[in-house]
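These figures come from a predicted structure and were not determined experimentally.
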Amino acid sequence: MSLLAQDKTPPLDALRKPIPEHLLRELSTEWSGIQKSVTGLKQLEKAMGEVSGSMSLALERRKDTQLRRTLELSQAYCEHVANLHEAGYDLDGHYSNVLWLLNELPTGLESSTDRLRNRKVPIDFGKPALEQIALDRQFVDKERLYRQLNNAALEAYEVAARLGVDLQDLQEQAIRRHQEGAVNISVFLDLALTEVGNLRASLSVMPEDTELKAKLRVAELRVRETIKLLSEDIESLEEAGLPTDQYRRQLLSATGTVTTVSLDINVLYKVVQEWVMTALKYLKTYGPNFLFQSLLFILIIYVFYRLSDLVRWAINSVLNARHVTISKLMRHMIVSVARGLTILLGVFIALSQFNVSLGPMLAGLGIAGFIIGFALQDSLSNFASGLMILFYKPFDVGDTVMAAKVSGKVRSMSLVNTTIRTFDNQSLIIPNNMIWQDVITNLTDQKIRRIDMEFGITYDEDIDRVERILHIVLESDERVLKDPEPRVMVGSFGDSSVNMLCRPWVRTENYWDLRWDLNKKIKQAFDREGVVIPFPQRDVHLYSKAPAELVEDSKSKA
């Protein structure tokens, strides 16, 4: 039945206002554009029947574009006429044109939607990435045009209602197609998300596969476009007054973010409820096993921690044996490394209970070690010097040393620095690099040391008697060693004195006490025996005449 026979609008009469000339020209221009667009559509349909293959595909895309243009022009024209009709203008033949469009629109939309439904876009996730991109583009264009046709049907229904024309069937068909389209896009989104998960799992096994990387990128773009399509479907369904909670929840689950489309308290509540139910189901299924693995993890860590203490005790016992002579720093390092390796082994074994892959972890530690090493070059230099000190053992904890222009007793050592306690009780922490690059004097490395002492006596003094006095003083002190034998000798002749050398040997731990005691005893012995330690002397000659007169006298005598 023709729509013209269903027109419930009162017949136009003379009471309507005449339409202004400029509005009439606008309507005529719009109607002329529609006729040209429709003619273009018919020509494209005729041309499509005469070609095939890629040419047919190209003409089909041009027809889609032309169809969109025709719909836009028709919608704008119908809206314009409806507005002027409601304003009371006499529209002449344009009112009949609108009725004709509304009469032809259902048939045209139905044939166009059928053509789109029959157009097969072979989405195949197994195809190469470049082919998938082209197919995805065709799929998105088809779905958007399909949605635009349905929206055009709904807008035509609204215009028809304003003009008193019944297009209830057209509205119902458009709503039904909207629902079907939303269901199809929802299913396709699930498939696209599954494909992304599969590709990521494949890349974890073959991370260097370039085709897999390209397919993953295409799949991620497919998910993004499908989410946009579903968002558009949700908006269309809401305008039609249809429920959209299911699709909102799907969008929220797929994106993980709350948007204007998914922002609804009921949707959020149901999504949270689904998450809680999923979590409870997961805990019910895997909770006991996870709890057992966690307890086993803690138990393994504890056992290996206690085992590391046992390893430390065993290694210390071995290294403290009499026949083992290594430095305290070496002993400390061996114990620390052995204990750390034991704990690290326990951590790796514990992580294996959760099926953690150790290969990527070790690779990551290697990369992190390289970056940290580059950033800590100075510390690594001290570490290397600490290793050199460790292996060459120039000193050990407790030794008295002169190093890095510092003298004192070594209190502690590490692979990075050394702590020296000076003789005036200051603690100096010195980087190992400074120590290793300087001369190191170990004052307590040997068990015995020689005390070098020098005393001056006058030229009038009996040298043999002084030697006997010195020998008596040395023999009277038990700390002076008999082997090597102490020596007393004439060292040199000074300006004011004969310098006597005294060379006793002593145990290293008695060095300073004996040196100070001998100085005191020798001075007391010299005082008892009347040995004079001379002061520096200088001869002064006095002349009764001036130097010039002395020169003249010497010339006259000559």
Side-chain angles (χ1 to χ4, degrees), residues 394-411 418-428 430 435 438-544 547 550:
F395 56 85
D396 201 353
V397 175
D399 290 346
T400 301
V401 299
M402 295 174 58
K405 301 179 177 59
V406 173
S407 299
K409 191 173 185 178
V410 179
R411 304 298 298 176
T418 300
T419 301
I420 295 179
R421 181 74 58 82
T422 61
F423 297 122
D424 57 351
N425 205 31
Q426 298 183 58
S427 293
L428 304 180
I430 305 173
I435 294 176
D438 199 2
V439 176
I440 302 174
T441 303
N442 191 335
L443 302 178
T444 55
D445 181 61
Q446 300 299 320
K447 294 182 179 179
I448 61 174
R449 289 185 62 186
R450 190 183 70 183
I451 301 176
D452 293 341
M453 309 175 73
E454 184 176 1
F455 306 98
I457 60 175
T458 62
Y459 277 91
D460 297 335
E461 192 62 60
D462 184 354
I463 293 177
D464 293 332
R465 187 171 75 94
V466 172
E467 288 181 352
R468 287 195 299 271
I469 294 172
L470 291 175
H471 277 294
I472 292 172
V473 173
L474 295 177
E475 291 172 357
S476 64
D477 198 312
E478 296 180 352
R479 291 172 294 181
V480 177
L481 300 178
K482 303 300 187 288
D483 186 20
E485 183 182 356
R487 298 187 62 186
V488 178
M489 63 204 81
V490 178
S492 62
F493 298 102
D495 294 337
S496 306
S497 63
V498 177
N499 297 320
M500 304 295 295
L501 299 179
C502 183
R503 299 289 187 262
W505 289 85
V506 64
R507 293 189 178 279
T508 302
E509 60 269 18
N510 298 328
Y511 179 86
W512 289 108
D513 292 337
L514 181 59
R515 184 185 183 94
W516 297 327
D517 289 345
L518 287 178
N519 283 332
K520 179 179 179 181
K521 291 179 178 180
I522 291 174
K523 176 61 171 66
Q524 291 173 343
F526 281 180
D527 291 343
R528 286 195 305 268
E529 300 296 332
V531 177
V532 178
I533 300 176
F535 295 99
Q537 298 180 4
R538 178 173 295 176
D539 291 338
V540 179
H541 300 276
L542 299 177
Y543 299 96
S544 58
L550 292 175

Open item on the list: I'd like to know if the side chain of Arg449 reaches the main chain of Arg507, judged simply by a donor and an acceptor atom lying under 3.5 Å from each other, with no hydrogens or angles considered.
Closed with: no

Open item on the list: Under a 3.5 Å threshold, yes or no: a donor from one side chain and an acceptor from the other, between Thr422 and Asp424?
Closed with: yes

Task: Parallel, tilted or perpendicular: rings of Phe493 and Tyr459 (30°, 60°) - done: parallel

Open item on the list: Between Thr508 and Lys447 (side chain of the first, backbone of the second, donor and acceptor by atom type, cut-off under 3.5 Å), is there such a pair?
Closed with: yes

Open item on the list: Under the side-chain hydrogen bond (donor to acceptor under 3.5 Å, both in side chains) definition, can you give me all pairs with a residue in residues 471-481, not counting sequence neighbours?
Closed with: Asp477-Arg479, Asp477-Lys521, Arg479-Asp517

Open item on the list: Among Lys523, Met500, Glu461, which residue satisfies the side-chain contact (heavy atoms from CB on, under 4.5 Å) criterion with Val531?
Closed with: Glu461

Open item on the list: Atom NZ of residue position Lys520 - does it have more than 12 heavy atoms of other residues, nucleotides or ligands inside 6.0 Å?
Closed with: no

Task: Ion pair Asp464/Arg468, N-O distance below 4.0 Å - done: no

TODO: Please lay out, stage by stage, how Phe455 and Val466 fare under the test side-chain contact (heavy atoms from CB on, under 4.5 Å).
DONE: CA-CA 10 Å; Phe455 306 98; Val466 172; over 6 Å; no

Task: CA sep, side-chain torsions, deciding dist, call: Thr400, Phe423, side-chain contact (heavy atoms from CB on, under 4.5 Å) - done: CA-CA 10 Å; Thr400 301; Phe423 297 122; 3.6 Å; yes

Open item on the list: I'd like to know if Asp399 pairs up with Lys409 as an ion pair, taking the criterion as any Lys NZ or Arg NE/NH1/NH2 lying under 4.0 Å from an Asp or Glu carboxylate oxygen.
Closed with: no

Open item on the list: Working to the nearest 0.5 angstrom, can you tell me the gap between Leu481 CG and Arg450 CZ?
Closed with: 13.5 Å

Open item on the list: Using side-chain contact (heavy atoms from CB on, under 4.5 Å), reason through Leu518 and Val473 one step at a time and then give a plain yes or no.
Closed with: CA-CA 8 Å; Leu518 287 178; Val473 173; 4.2 Å; yes

Task: For Asn499 against Gly494, the heavy-atom pair lying closest together - done: ND2-N, 4.0 Å

Open item on the list: My understanding is that only one of Asn442, Asp445, Thr441 makes a side-chain contact (heavy atoms from CB on, under 4.5 Å) with Val401; could you say which?
Closed with: Asn442

